[in-house]
Amino acid sequence: REFRSLGTVAAGDAPERPVGRGECVRIMTGAMLPPGTGRVIRKEALVWSGETATLNGLEPDVNVLPRGANHRAGDIICGPRRLAPVDLAVIASAGFSDIAVAVPPRIVILATGDELVVPGLSLGPGKIYSSNGHHLAALARAAGFPAGPAVQVADDRAALETAIAAAAASRGIVLLSGGVSVGDFDLVPACLSALGAKIQFHGVAVKPGKPILFAELGEAFVFGLPGNPLAAHVAFEFFVRPLLCRLAGSEYRPREFTVPLAASYARRDADRTEFVPVRATEAGVAPVACRGSGHLQALAEADGLMRINAGVTRLPAAAPVTLRVL
């Protein structure tokens, strides 16, 4: 129970000699153990008299962090993904000063519509403030992809074709907001066709977001997103974001959870998969008041989107549902 001290080992020091039976060293937290060390005893469990330490009571813990406790040779310490702050710490702790990263695709956002007015200006009759450009740029940046401010384009075919061609020259992602449905001024499909784009799909069985369009134009990928803001959000989250991750070489890992439904939920039309804004409560998730795909405030008050599969018209209370966290 008594040990004669050989000196002190500070963190960062290399021990000068082994520890023999009946011997000890004062060792600081994080210091390297001298050869021959049997255990580490806390200072609080010792009584010192000169250079002799006496064990005072029990010391059940080993108090040692073994080599390889964090990583062993051959371990993957950081797979392909968007780097979080803790990833940077792990990379640095393994001694890497430089790592290979992907160059994120450039994103160009075009907000179409004669009705759009830049926030801060006065509204005239029939006009609305442009919000989708800000929304989409913020969504992209939150996902880790740089995006500049949206460019507003009028409902003019020549102007729209010129804007799309210029955006596609970036060889990245082009996000068009509005103009993709079947109205007289929904000019995006015709403009893309005239520019020689290969339209891969136009229209999906999703609510909101049915009119979404996806095309390839040269070396750029083009998304035609609905003009209604809730539909634009759904289209970005479930169609644009997976492609962004793929192009950046990272795994698409949305935050999804299975949670109970707070109260029964019914809908009339079940021909499409629907994403409903919901708020988390103690009893589960509950839909927020939503007045259609143009009701942006409903999305702002929600914690996530509840998925209801096509063909399902009613869900009972406490039914498990998939929640996509916003």
Side-chain angles (χ1 to χ4, degrees), residues 11-12 30 65 67-111 132-151 163-177 192 197-198 200-201 209 212-225 232-257 275 299 303-305 322-326:
L65 182 67
R67 181 183 300 177
N70 273 317
H71 310 292
R72 297 181 180 274
D75 285 352
I76 296 176
I77 64 169
C78 185
R81 58 178 176 268
R82 180 188 177 190
L83 295 178
V86 68
D87 290 325
L88 301 180
V90 169
I91 291 166
S93 74
F96 291 98
S97 60
D98 297 283
I99 60 170
V101 295
V103 177
R106 184 181 178 190
I107 300 172
V108 180
I109 303 171
L110 304 178
N132 276 355
H134 300 284
H135 191 177
L136 294 170
L139 285 172
R141 289 193 290 265
F145 299 93
V151 176
I164 293 174
S170 67
R171 302 179 181 180
I173 300 286
V174 180
L175 302 182
L176 286 142
S177 168
L192 287 171
K198 183 179 181 181
Q200 298 289 4
F201 63 81
I212 184 174
L213 177 151
F214 175 67
E216 295 178 63
L217 179 56
E219 297 184 48
F221 296 108
V222 182
F223 283 96
L225 307 182
H233 182 100
V234 168
F236 182 93
E237 182 65 26
F238 292 92
F239 293 91
V240 179
R241 190 175 171 192
L243 180 60
L244 289 172
C245 292
R246 177 72 175 270
L247 294 176
S250 65
E251 182 183 356
Y252 177 56
R253 297 193 297 179
R255 294 184 298 164
E256 287 190 341
F257 304 93
F275 296 97
L299 192 63
D303 296 315
L305 296 170
T322 299
L323 172 69
R324 171 74 65 95
V325 178
L326 294 176

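Just so you know, these numbers come straight off a predicted model, no measurement behind them.
- Scanning all heavy atoms of the two residues, the minimum distance from Ile91 to Cys78 falls at CD1-SG, 4.3 Å.
- Between Ala235 and Ile212 the shortest heavy-atom distance is CB-CD1, 3.6 Å.
- Listed here is the closest heavy atom pair of Ala248 and Ala102: O-CB, 3.0 Å.
- In terms of heavy-atom proximity, Ala150 sits nearest to Gly133 at CB-CA, 3.5 Å.
- Contact check for Ile107 versus Val240: no side-chain heavy atoms found under the 4.5 Å cut-off.
- Looking at heavy atoms from C-beta onward, Leu243 lies out of side-chain contact with Pro105 at the 4.5 angstrom threshold.
- Contact of the Ser177 side chain with the Leu136 side chain is registered, since non-hydrogen atoms from C-beta on lie closer than 4.5 Å.
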Next item on the list: Decide side-chain contact (heavy atoms from CB on, under 4.5 Å) for Leu305 and Leu326; before the verdict, give the C-alpha distance in whole Å, the side-chain angles of both, and the deciding distance to 0.1 Å.
Entry: CA-CA 7 Å; Leu305 296 170; Leu326 294 176; 4.0 Å; yes
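- In this structure, the separation between CZ on Phe223 and CG on Leu213 is 9.5 Å, given to the nearest 0.5 Å.
- To the nearest 0.5 Å, atom CG of residue Leu176 and atom CG of residue Leu225 are 7.5 Å apart.
- When every heavy atom of Ala140 is checked against every heavy atom of Ala147, the shortest pair comes out as CB-CB, 3.9 Å.
- In terms of modelled atom types and a separation under 3.5 Å, the side chain of Arg106 and the main chain of Arg171 share no donor-acceptor contact.
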Next item on the list: Take Asn132 and Phe236, measure what side-chain contact (heavy atoms from CB on, under 4.5 Å) needs, and give me the verdict at the end.
Entry: CA-CA 11 Å; Asn132 276 355; Phe236 182 93; over 6 Å; no
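- The side-chain hydrogen bond (donor to acceptor under 3.5 Å, both in side chains) contacts involving residues 90-102 comprise nothing, where partners must be two or more places apart or lie in separate chains.
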Checklist line | Derivation and outcome, side-chain contact (heavy atoms from CB on, under 4.5 Å), residues Ile109 and Val151 | finding: CA-CA 6 Å; Ile109 303 171; Val151 176; over 6 Å; no
Next item on the list: Check step by step if side-chain contact (heavy atoms from CB on, under 4.5 Å) holds for Phe96 and Ile77.
Entry: CA-CA 11 Å; Phe96 291 98; Ile77 64 169; 4.0 Å; yes
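- Residues satisfying the side-chain hydrogen bond (donor to acceptor under 3.5 Å, both in side chains) test with Glu251, not counting sequence neighbours, are none.
- With a 6.0 Å radius and a threshold of 12 heavy atoms from other residues, nucleotides or ligands, Tyr252 has its OH atom above the threshold.
- Residue pairs meeting the side-chain hydrogen bond (donor to acceptor under 3.5 Å, both in side chains) criterion with at least one member in residues 69-84, sequence neighbours excluded: Arg81-Asp87.
- A distance of 8.5 Å separates CZ in Arg241 from CG in Leu139, rounded to the nearest 0.5 Å.
- Atom CZ of Arg324 is surrounded by more than 12 heavy atoms from other residues, nucleotides or ligands within 6.0 Å.
- Taking CD1 from Ile99 and CG from Leu83, the interatomic distance works out to 5.0 Å, rounded to the nearest 0.5 Å.
- Using cut-offs of 30° and 60° on the angle between ring planes, the pair Phe221 and Phe214 is parallel.
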